[in-house]
Number of protein chains: 2
Amino acid sequence: MKDKHPTKTRPSRAQWLREHLENAIVDGHFAPGDRLDPVALARDYDCSRTPIREALQQLEASGMVRVYPKRGTFVTQLGVADLVERFDVMAELEGMCARLAARRITSEELSALRRAHEACRDCLDGSDADHYYHANGTFHHLIYAASHNAFLTQEATRLHAILKPYRRLQLHAYHRLQESFAEHEAILGAIERRDADAARQAIQHHVQLQGNRFNDLMATMPQLRETRPE
Amino acid sequence: MKDKHPTKTRPSRAQWLREHLENAIVDGHFAPGDRLDPVALARDYDCSRTPIREALQQLEASGMVRVYPKRGTFVTQLGVADLVERFDVMAELEGMCARLAARRITSEELSALRRAHEACRDCLDGSDADHYYHANGTFHHLIYAASHNAFLTQEATRLHAILKPYRRLQLHAYHRLQESFAEHEAILGAIERRDADAARQAIQHHVQLQGNRFNDLMATMPQLRETRPE
DNA sequence: TCCAGCCCTGATGTATACAACAGTTGGGCA
DNA sequence: TGCCCAACTGTTGTATACATCAGGGCTGGA
């Protein structure tokens, strides 16, 4: 077969900005509700508004930001109901990933997953929430990839990124790290046993629990909506 | 509570173009693989390249088109493997919709769903494939909405739109309409009985069958990749 | 003092001009 | 005659200028 579009070219300025801004949002540099001022960003990144605008448009399409016409662009601020909906869908997608992963994971992928799990344990020992946060992301992403469904992986990754800023908020809850790790263990065990249904159930439980935990957290601090990073 | 951004404003030119082009692609005006020439579109719609570009960028983010840097923008052309992946995810999402719909559907929504089902039957009698195609879309969308999960509805609708151009190809297969209708009947019945698991299984079977059918169709006509509408 | 209407300001949305780059084609050289 | 390099061409990517519009403040009247 012939490759129809084999050319690999360096990413455009707008593309680079999209990734950069997405990371900035996911990593909490911009908080939900913050305004993204195109002219300020253009100054910061030393370019015109055009690539900034394109990057913001793409971020809107992926749900990271919300553009209010003639009003400005703001980092998506999800209400409790919105989050519940997204965690429900996330649980379903991750459940599908785990189900497929249990059937399709290769030995190399399984080794990587075990290593990621051990990395989580290391962060656990030091009660290093931020590092656990990162290792946790790796663990989940490896399961997505092990589904061997590129589209599913892409969608799960996107939704995971959207929820990441909110997930961060519940990390420091007491014993949450230990609980999370124990749930990971159940997931990994089910995948190792190639028990697709158990893996699906375990990870769905894991994600739903995150959603519920977050829901509780929101209920106890309703003033959280105005949080600014500065 | 106070509305933070209550202003409703008329959609911008780029926004309008996005919807218009999306419909044009979904309705088969542009075939997979067709190039979308910004300057030609700018002439056709009597505007500059700027809003065209923004519309195309947004379409790329939703997966409808693919932009090859410095090469051009083309309607997404999915290979067999890509389609299988997407039909799998579609089945999972629709399964979730049906499961939730069985539990949450209101009597009004159920009435609307029954009416949509009857509309399908009418198209069936006349062997009117195009109209059945449309009524089928309504039926599915009503199930999405009955899940009462706006995010899930949005995602399912988006994926449904991406697959629509390909779904069209298998419509005229012998007896497919009758089979499809019978499957709808099973889905509707399960929802009426509030049998969440049966509804999920029925619709997953329905979607997977579409995927498989399509797969068969592709296998029998490999030259289909160069199809043009003109 | 309060309200209504208008202008002003600052932002976004669009048009146009220019720059940079991939693919191509033609000429020069071995 | 065949191959390689270079300028060309047509496209996309970016910058800038202009148009348009929402919101806020001001002024005038009751």
Separation of B:Glu92 CD from A:Met96 CE (nearest 0.5 Å): 5.0 Å
note: B:Leu36, atom CG; D:dT12, atom C1'; distance rounded to Å ~ 14 Å
Could you state the atom-to-atom distance from CD of A:Glu54 to P of D:dT12 in whole Å? 12 Å
To the nearest angstrom, how far is B:Tyr68 atom OH from C:dG23 atom P? 13 Å
Would you find a donor on one side and an acceptor on the other, under 3.5 Å apart, between the side chain of A:Thr76 and the backbone of A:Val65? yes
Quick one: B:Arg13 CZ to D:dC21 P, roughly how many Å, whole number? 13 Å
Each nucleotide N or O in nucleotides 16-20 of chain C that has a protein N or O under 3.5 Å away: list the pair and distance.
unit_1, atom_1, unit_2, atom_2, d
C:dT16, O4, B:Thr50, OG1, 3.4

What's the OH-C1' distance between A:Tyr45 and D:dT14, to the nearest Å? 18 Å
Atom-to-atom span, CG of B:Leu56 to C1' of D:dT11 - whole angstrom: 14 Å
Is the gap between the ring centers of B:His140 and B:His184 under 6.0 Å? yes
Ignoring backbone atoms, establish whether B:Arg35 has a side-chain N or O less than 4.0 Å from OP1 or OP2 of D:dT12. yes
If I take atom CG in residue B:Leu41 and atom P in nucleotide D:dT11, what distance separates them, rounded to the nearest angstrom? 13 Å
Counterpart residues, side-chain contact (heavy atoms from CB on, under 4.5 Å), relative to A:Thr106 (two or more places apart): A:Glu108, A:Glu109, A:His148
Would you call B:Glu94 and B:Arg99 a salt bridge, taking side-chain N to carboxylate O under 4.0 Å as the test? no
Quick check on D:dT12: is either OP1 or OP2 less than 4.0 Å from any side-chain nitrogen or oxygen of B:Arg53? no
Minimum side-chain heavy-atom gap A:Phe139-A:Leu113 below 4.5 Å: yes
What is the separation between atom CD1 on A:Ile52 and atom C1' on C:dT14, rounded to the nearest whole Å? 18 Å
